[in-house]
Amino acid sequence: MPERRSEPVDVISREQVRHLADLARIDLDDAELDHLAPQLAVILESVASISEVAADDVPPTSHPVPLTNVFREDVVRPGLTPEQALAGAPAVEDQKFAVPRILGDEQ
Amino acid sequence: MTTPLTTSTAAELARALAAGETTSVELTQAHLDRIEATDGAVHAFLHVDAEGALDQARASDERRARGEAASDLDGVPVAVKDVLATEGLPTTCGSRILEGWVPPYDATVVRRLKEAGLPILGKTNMDEFAMGSSTEHSAYGPTRNPWDLERIPGGSGGGSAAAVAAYQAPLALGTDTGGSIRQPGAVTGTVGVKPTYGGVSRYGLVAMANSLDQVGPVTRTVLDAALLHQVVGGHDPLDSTSLDQPVPDVVAAARQGASGDLAGVRVGVVTELGGEGYQPGVQQRFDEAVELLVGAGAEVVRVGCPSFTHALAAYYLLMPSEASSNLARFDAMRYGLRVLPDGVEAPSAEEVMRATRDAGFGDEVKRRIILGTYALSSGYYDAYYGQAQKVRTLIQRDFDRAFAQADVLVSPTSPTTAFRLGEKLDDPLAMYLNDVATIPANLAGVPGISVPAGLAPEDDLPVGLQLLAPIAADDRLYRVGAALEALLEQQWGGPLLTADKLDEAVAR
């Protein structure tokens with residue numbers, strides 16, 4: 001009997017995908033989980049090799065060109081009017097963004 | 001119908017406008033007519049602004065009549081990818097979550113187009129939030145390749161490339177995070193440039209991955225790309241990553257290159273970007289183009305960039321990580337879609353957020369948000385995100401070594417010609433492989449261009465050749481790109497793209 005292929009190190013489980021979607025604030029129903037979880041596992045397997053590529057002494061690069069803090073003169077300049085800022089809002093009340101309740105009953 | 005006004009290059013149109021041989025109203029109307037006649041088949045546009053474009057055209061004609069042209073391209077119409085904010089025009093990013101959103105401000109590049117007098121024809125289709133290589137991930141339906149309507153136009157900027165290829169617009173703007181300007185250019189037989197990171201402002205560009213995104217020109221010729229690059233490029237105080245230095249003289253470089261003389265130019269063929277995994281006809285046209293460069297006096301060397309083999313993996317960790325953070329802003333509170341969950345009385349903000357993001361995002365966006373959330377989560381951060389950042393350093397070092405041996409690097413732009421719609425839609429990995437040759441430039445911030453290299457013998461579809469240059473040396477792309485274009489057109493007896501070669505439904 002041929003030796004069993006060892007399980008890839010970090011294949012992502014359906015439960016993990018559900019948890020991650022939860023962290024990312026996306027409702028996924030069962031059908032979507034069935035569809036997405038195996039695809040994510042395949043993608044992760046393909047990028048897993050990355051963990052063995054670079055030696056410890058290689059510095060990380062977060063950005064293609066060196067970044068420096070940028071300041072501008074502290075002068076007043078025009079901004080959006082309240083009407084412009086609220087124009088795309090799903091709901092508006094008294095010149096404010098109207099949002100659903102942010103606390104639960106028990107809070 | 002194509003007319004001489006729609007098949008002319010932007011440079012020719014600019015000359016005709018300056019000479020008083022046509023008006024901006026006349027040529028803007030000609031392009032609107034062409035869109036009307038062909039976009040049912042191509043679907044390059046998500047929104048056409050006929051009235052606004054004609055108003056801008058009239059204003060342009062008045063400026064020219066007074067002898068006060070705002071720029072060389074004053075009056076030449078342009079199309080804009082729907083990921084760039086346009087005041088008063090819908091900006092959806094190809095997503096349901098932004099359906100109907102009208103930004104209250106212009107992206108800097110859009111403001112520059114307006115200041116230079118270019119009428120904006122409309123907004124072009126794209127993969128949702130620029131995530132994809134085929135434009136099939138648009139929530140509003142795919143764009144079709146004008147060469148063959150059953151095939152993809154590339155992505156994410158398939159709309160801009162298809163609009164230019166179908167003669168609906170002489171010029172367009174795209175954005176390139178991993179190849180979204182260059183790969184559509186390759187598969188539609190057009191020209192696309194990703195400028196140096198920071199060379200063009202990102203203010204008003206809806207971000208996918210901030211450290212990789214760059215706006216650039218989409219055109220039919222190298223000179224036209226240079227003309228558009230000059231209009232939109234340069235320092236912008238509203239973008240903190242904008243390079244505070246002048247844009248190199250890309251127009252002069254394109255004109256110099258058109259002579260076809262490349263004596264003394266060192267061209268490096270990247271060993272890792274070719275051979276296995278590349279369609280034979282793509283490799284053949286690429287090899288022939290390199291021979292042409294040699295014939296024009298270029299010195300060709302082979303350069304090794306061993307870390308490029310890990311570029312795709314690094315990219316598909318870094319990009320989703322940045323994207324998952326960026327897309328957190330779509331929270332159903334301040335703009336965009338708000339969906340209330342079914343069967344929940346008085347839902348909380350969080351429940352509304354979850355329901356909205358489920359309904360508003362497509363599959364590819366969800367995949368990348370979840371991948372990014374995973375790569376950034378504690379316990380995996382060092383193994384994935386941290387390692388990918390190190391690989392980014394190795395790729396930059398490979399580029400540094402390669403550019404010590406060569407002035408520009410060359411490779412095929414995309415490993416294959418345009419594939420059929422639906423062929424890779426549900427196989428994310430196969431889709432990602434389209435970007436294997438274009439991604440290293442984004443990771444290192446270097447500029448790149450794709451120019452047409454011919455038709456693959458096996459399927460008669462366009463092949464693109466990619467040129468890469470060091471940071472801030474964008475002018476080299478235009479010099480060598482224009483030279484190659486001139487040499488190839490001598491061989492072909494004219495441009496690769498002509499109306500009669502397009503799909504029957506949009507030819508003529």
Side-chain angles (χ1 to χ4, degrees), chain A residues 9-10 12 16-17 19-29 32 35-37 39-40 42-56 58-65 67-70 72 80-81 83-91 97-105, chain B residues 101-105 197-198 211 237 240-241 243 307 310 313-314 316-317 324 331-338 341 346-355 357-358 361 363 366-367 369-371 373-374 377 380 383-384 386-394 396 428-429 432 443-445 471:
Chain A
V9 192
D10 262 321
I12 194 166
Q16 259 178 307
V17 172
H19 175 62
L20 290 163
D22 199 48
L23 292 175
R25 304 287 184 268
I26 303 174
D27 267 340
L28 290 185
D29 59 27
E32 278 184 293
H35 181 63
L36 293 177
Q39 292 177 337
L40 289 166
V42 170
I43 297 168
L44 273 177
E45 263 189 79
S46 78
V47 300
S49 64
I50 200 94
S51 58
E52 289 140 32
V53 175
D56 287 346
V58 177
T61 295
S62 62
H63 216 267
V65 284
L67 288 179
T68 50
N69 219 345
V70 178
R72 69 170 175 90
L80 298 179
T81 63
E83 290 72 27
Q84 284 176 318
L86 294 166
F97 295 103
V99 303
R101 66 182 173 83
I102 54 167
L103 298 177
D105 294 335
Chain B
W101 182 59
V102 178
Y105 68 102
Y197 183 85
S211 79
S240 66
T241 59
L243 295 177
S307 297
H310 304 292
Y316 275 97
L317 288 165
S324 67
D331 59 6
M333 300 299 141
R334 294 153 300 157
Y335 44 76
L337 187 69
R338 177 179 289 178
S348 69
E350 201 182 302
E351 286 165 331
V352 171
M353 222 179 272
R354 288 172 200 282
R357 288 162 65 82
D358 181 39
F361 290 144
D363 276 1
K366 288 175 183 168
R367 279 192 285 266
I369 289 176
I370 292 169
L371 264 179
T373 306
Y374 179 77
S377 55
Y380 298 102
Y384 286 124
Q387 280 298 117
Q389 286 190 317
K390 289 183 175 187
V391 170
R392 198 168 184 178
T393 306
L394 297 177
Q396 286 183 335
L429 220 50
Y432 297 172
L443 290 172
I471 282 190

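Here the structure is a predicted model, which is why all the values come from computation and not from measurement. Order of the sequence lines sets the chain letters (A, B, ...), proteins ahead of strands, with each chain counted from 1.
Rounding to the nearest 0.5 Å places CZ of A:Arg101 at 10.5 Å from CD of B:Glu350. Here the NE2 atom belonging to A:His63 is positioned 7.0 Å from the CZ atom belonging to B:Arg392, to the nearest 0.5 angstrom. If you take CD on A:Gln16 and CD1 on B:Ile370, they are separated by 11.5 Å, rounding to the nearest 0.5 Å. For the atom pair A:Leu23 CG and B:Ile369 CD1, the distance stands at 12.5 Å (nearest 0.5 Å). One distance of note links CD1 of A:Ile50 with CD of B:Gln389; it measures 11.0 Å at 0.5 Å rounding.
For B:Arg357 (side chain) and A:Ala24 (main-chain N/O), a donor-acceptor pair under 3.5 Å exists by modelled atom type. Side-chain N or O atoms of B:Thr393 include one that pairs as donor or acceptor with a backbone N or O of A:Pro59 at under 3.5 Å.
At a 4.5 Å heavy-atom cutoff, the contact between A:Ile43 and chain B is made by backbone and side-chain atoms alike. Interface residue A:Val47: backbone and side-chain heavy atoms are both found under 4.5 Å from chain B. For a residue to count as touching a neighbouring chain, one of its non-hydrogen atoms must lie under 4.5 Å from one of that chain's; by this rule A:Gln84 touches chain B with backbone and side chain alike. Of the two parts of A:Leu80, only the side chain, counted from C-beta on, holds a non-hydrogen atom closer than 4.5 Å to a non-hydrogen atom of chain B. Neither the backbone nor the side chain of A:His19 comes within contact range of chain B; no heavy atom of the residue lies under 4.5 Å from a heavy atom of that chain. With a threshold of 4.5 angstrom between heavy atoms, A:Glu32 approaches chain B through side-chain atoms but not through N, CA, C or O. Interface remark: B:Ile471 contributes side-chain atoms only to the contact with chain A (heavy atom separation under 4.5 Å). If you measure heavy-atom distances from A:Asp22 to chain B, the contacts under 4.5 Å come from both the backbone and the side chain. Using a 4.5 Å cut-off between heavy atoms, B:Val352 contacts chain A through its side chain alone, with no backbone atom that close. Contact annotation for A:Ile26: both backbone and side-chain heavy atoms come within less than 4.5 Å of a heavy atom of chain B.
For the set B:Ser377, B:Pro347, B:Pro237, the entry with the most heavy-atom pairs within less than 4.5 Å of chain A is B:Pro347. Note: B:Arg334 leads B:Met353, B:Arg334, B:Gln396 in heavy-atom pairs under 4.5 Å with chain A. Chain B forms the most heavy-atom pairs under 4.5 Å with one residue out of A:Val42, A:Leu36, A:Leu28, A:Val53, and that residue is A:Val53. When the candidates B:Ala346, B:Gly386, B:Gly445, B:Ala314 are compared by the number of heavy-atom contacts under 4.5 Å with chain A, B:Ala346 comes out ahead. When each of B:Ser240, B:Gly336, B:Ser348, B:Ser324 is scored by its heavy-atom pairs under 4.5 Å with chain A, the top score falls to B:Ser348.
Nearest heavy-atom pair, B:Lys390 versus A:Val58, reported as atom, atom and distance to 0.1 Å: CE-O, 3.3 Å. The nearest pair of heavy atoms linking A:Ser51 to B:Ala383 is CB-O, 3.6 Å. Contact record, A:Gly88 with B:Trp101: CA-CD1, 4.3 Å, taken as the closest heavy-atom pair. Summarising the geometry of B:Asp363 relative to A:His35, their closest heavy-atom pair is OD2-NE2, 3.1 Å, with the distance given to 0.1 Å. Heavy-atom minimum distance, A:Pro90 versus B:Ala332: CG-O, 3.6 Å. Taking both residues in full, the closest heavy atoms of B:Ala313 and A:Ser46 are given as CB-O, 4.4 Å, listed atom of the first, atom of the second, then distance.
Two residues are said to be in side-chain contact when any heavy atoms from C-beta on lie closer than 4.5 Å; A:Glu52 and B:His310 fail this criterion. For the pair B:Thr373 and A:Arg25, the minimum side-chain heavy-atom distance is 4.5 Å or more. In this structure the side chain of A:Val65 never reaches within 4.5 angstrom of the side chain of B:Thr241, judged on heavy atoms.
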